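Heads up: the structure comes next, in structure tokens.
Count residues from 1 along the sequence. A quick note: this is a predicted structure, and the numbers were derived from the prediction, not measured.
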Amino acid sequence: MRRLLLLPIILLLIPGLAAAETLICDASAPVHEISPTLYGLFFEDINHAADGGLYAELLQNRSFEYEDLTNPSPYQHLTGWQFNTSAAGEGRAAIRTDAPLNANNPTCVRVQASAAGYAFQNLGYGSAAFRGGIPITAGERYDVSVWLRNGDYEGSVSVALTTKTGDPLSDVLDFAPGEVWEKHAGVLTAHQTAEDACLTFLLNGTGELDVDMASLMPVDRVGADWPGGGLRRDLVEALKELRPRFLRFPGGCVAEGSWTWDNLYRWKDTVGPAESRKENWNTWGYMQSYGIGFYEYFCLCEELGALPLPVVGSGVLCQAREPRESPMNDEELAAWTQDILDLLEFALGDADTVWGGLRCQMGHEAPFDLRFLAIGNENWADVYFTRYEKIRNAVKAAYPDITCIAACGPVADGSLFNASRAKILRSFPEDTADEHYYMESDWFLRSTHRYDHYPRSTKVFLGEYAAHEPASGGRRPNSLYSALCEAAYLTGIERNSDVVTMCCYAPLLARLGMDQWTPDLIWFSGIRVVRTPNYYVQQMFSESLGDYLLESALLDENGAAVKEANEKLYHVVSQTAEGQIIVKLVNVSGKEKTITFQLEGGDFSRRTQGTMTLLTGSKQDANSLTAESVFPARTALSLSDGSVQITLPGYAAAVITVP
Ligand code: AHR
């Protein structure tokens, strides 16, 4: 764990001292297995999580395809770019669609320099959409590329990192364009650190020149050899530290199309060479380059040690957004189902299949470890379930081992939810039910027993959840309190992980200044990553995942069971296959608690050492770019005969491990 402090504090057992509460655990009595896939992640391109985020591309609108389907205008194609930026040059630029780089990449820019010295720049993502600023670091190397084609241009094109006024911040590359589209590439080294650099193209000659598909990525990135180009290393590290067992992708609303079929996430648009991917407008209001497409997604799963959990559209547009187009008819659904089967072939097929062959060509000969498929995101009612049935039957016929996941709509309870669950239990009992809910923080405290009485046979995937605090300044905070309410809830999830087999917080990532949704698990700027208290809860719970649930009880001084809701004290105890005991304790009251942890059901005389990882602070504490006040700290514990007394501060989550 990145921020763990190993403090030399030994919390000693004080024999005979009466503690206010005792947590008794019977280590000889495993209750049931804990799902090995319990904690995972959900990655959706919302809040610029992909473009402007995890995707290593530093240029915004690199191929002039920006367009807003709700309000198209030619000027959107120039988003992120600035033309005629040098006093020396003369000329103009216009978008061009009559002679594209390829059919999936229809727009390029024709620049016409009437005097040598004409310059144009890409401004990156900066801190807000359409404003400039590429963060660069002195000594860092950057891969640069651009596709160029001469009209009657004569001369070379210089490319460098510069200030907005053209002052150099790196060395310079010189490209000599030819008569046909050609990719020009090189490496630039930054000489200075700057937060607001630009990638500047300077025309040393005159005439007309076509430009498309420019790119700037740090050489130091994850997956530099993936066709999409790779991922930002610091964000990949932040994901890895969460020890995710699965990764849900690509949405969310993004997966299903918001109100027009033009907006459906079509996996085939996201694979192959980066310049041939068909960009699309994003439900969340910006363009997706698909630089993180389905191939990169599967590779990222491997990088993280997580199982893929793709979500595909169900043939119904996002029902929450009042779709303006009809659900797919039988013919359309048959074609869409084939697309889904092709995706499975892409992941699992041999090299001699069409789509398995493409996977091999893209660089991955072995099949990916695909075991789950979610069909639909937040869908409900007959319009959905009739289509779900057709798709899942086709999937099961071809891939009987795939677990299909059916949606329960966007709410935690009520008639829509109940009808969805009843339908899944009745018609698809061997499939998994996908629940989504965003609720006020205290709902999570009241609901820790939600799954205690669920039938155990049909499994649940908690595909989206987060504790929502009241918004301030238009944003719901990632406070310690919200994180602790989630932690309390997770004790109930772990206790019920024979039925809730997977869960993931949503949304995962948000670029500061470019967000559409709060709260989010990880915030980032162009150069920094902010781990929220909610992040640390996920990390603490995920990195200490037991294999078996153990029987445990919290008792007061009189030996009576303590009601967790009264004391706001929540717990779950588990054991790994190797015998390590893991206690998760969450104190959502503002009061310090003294608790004796007592292991029973074995000889614990040799188990004298343990650790406690503690996350605590003030109720409303949150982390920011400038201050990380909430992070876990680890202390050593000494046990005697399987017993230790601990002091748990108010507003705290603790994970105790006894090897
Ligand atoms: O997580 C953000 C959004 O919330 C998801 O895209 C959608 O499924 C849900 O409504």
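Salt bridge annotation for Asp342-Lys268: present, with a cationic side-chain nitrogen under 4.0 angstrom from a carboxylate oxygen. Salt bridge Lys390/Asp330: present, at least one basic N to carboxylate O contact under 4.0 Å. Remark: Arg266 does not engage Asp339 in a salt bridge, criterion side-chain N to carboxylate O under 4.0 Å. Here Lys396 does not pair with Glu389 in a salt bridge; the nearest charged N to carboxylate O distance is not below 4.0 Å. Electrostatic pairing of Arg359 and Glu365 does not count as a salt bridge here, judged by no charged N lying under 4.0 Å from a carboxylate O. Here Arg232 does not pair with Glu57 in a salt bridge; the nearest charged N to carboxylate O distance is not below 4.0 Å. A salt bridge does not link Asp452 with Arg450: every distance from a Lys NZ or Arg NE/NH1/NH2 to an Asp or Glu carboxylate oxygen is 4.0 Å or more. Checked for salt-bridge contact, Lys584 and Glu543 miss the test: no charged N lies under 4.0 Å from a carboxylate O. Lys459 has no carboxylate O lying under 4.0 Å from a charged side-chain N of Glu430, or vice versa, which leaves the two without a salt bridge.
The CE atom of Met328 sits 7.0 Å away from atom CG of Leu333, with the distance rounded to the nearest 0.5 Å. To the nearest 0.5 angstrom, Leu41 atom CG is 10.5 Å from Cys503 atom SG.
Cation-pi geometry between Arg324 and Trp259 is satisfied (NZ or CZ under 6.0 Å from the ring centre, within 45° of the ring normal). Relative to the ring axis of Trp284, Arg321 places its NZ or CZ within 45° and under 6.0 Å from the centre. Judged by the 6.0 Å and 45° rule, Arg476 forms no cation-pi pair with Tyr481.
Heavy atoms only, all atoms of each residue included: Arg277 and Ser289 are closest at CB-O, 4.2 Å. The two residues His436 and Gly409 make their nearest non-hydrogen contact at CB-O, 4.0 Å. Nearest heavy atom pair, residue Leu370 against residue Pro310, reads CD1-CD, 3.4 Å. For Ala565 against Tyr570, the heavy-atom pair with the smallest separation is CA-OH, 4.1 Å. Counting all heavy atoms, side chain and backbone alike, Arg387 lies closest to Ser314 at CB-O, 3.3 Å.
Shown are Val530, Leu509, Leu54, Asn47; of these, the side-chain contact (heavy atoms from CB on, under 4.5 Å) with Phe524 is made only by Leu509. Considering Val583, Thr576, Ile582 as possible partners of Ser544, the one that fulfils the side-chain contact (heavy atoms from CB on, under 4.5 Å) test is Ile582. Residue Tyr438 forms a ring pair (Phe, Tyr, Trp, His ring centres under 6.0 Å) with just one option from Trp443, Tyr465, Trp517, and that option is Trp517. Of the residues Phe298, Phe294, Trp355, the one that meets the ring pair (Phe, Tyr, Trp, His ring centres under 6.0 Å) test with Phe368 is Phe298.
Ring centroids of Trp267 and Phe346 are separated by less than 6.0 Å, placing the two rings close together. Aromatic ring centres of Tyr39 and Tyr505 lie farther apart than the 6.0 Å criterion allows.
Between Tyr388 and Tyr384, the ring-plane angle classifies as tilted under the 30° and 60° cut-offs. Phe444 and Tyr437 have tilted rings, their planes meeting at an angle from 30° to 60° on a 0 to 90° scale.
In this structure, a donor-acceptor pair under 3.5 Å is present between the side chains of Asn377 and Glu256.
For Asp431, the salt bridge (charged side-chain N to carboxylate O under 4.0 Å, His left out) partners two or more places apart in sequence, or in a different chain, are Arg392.
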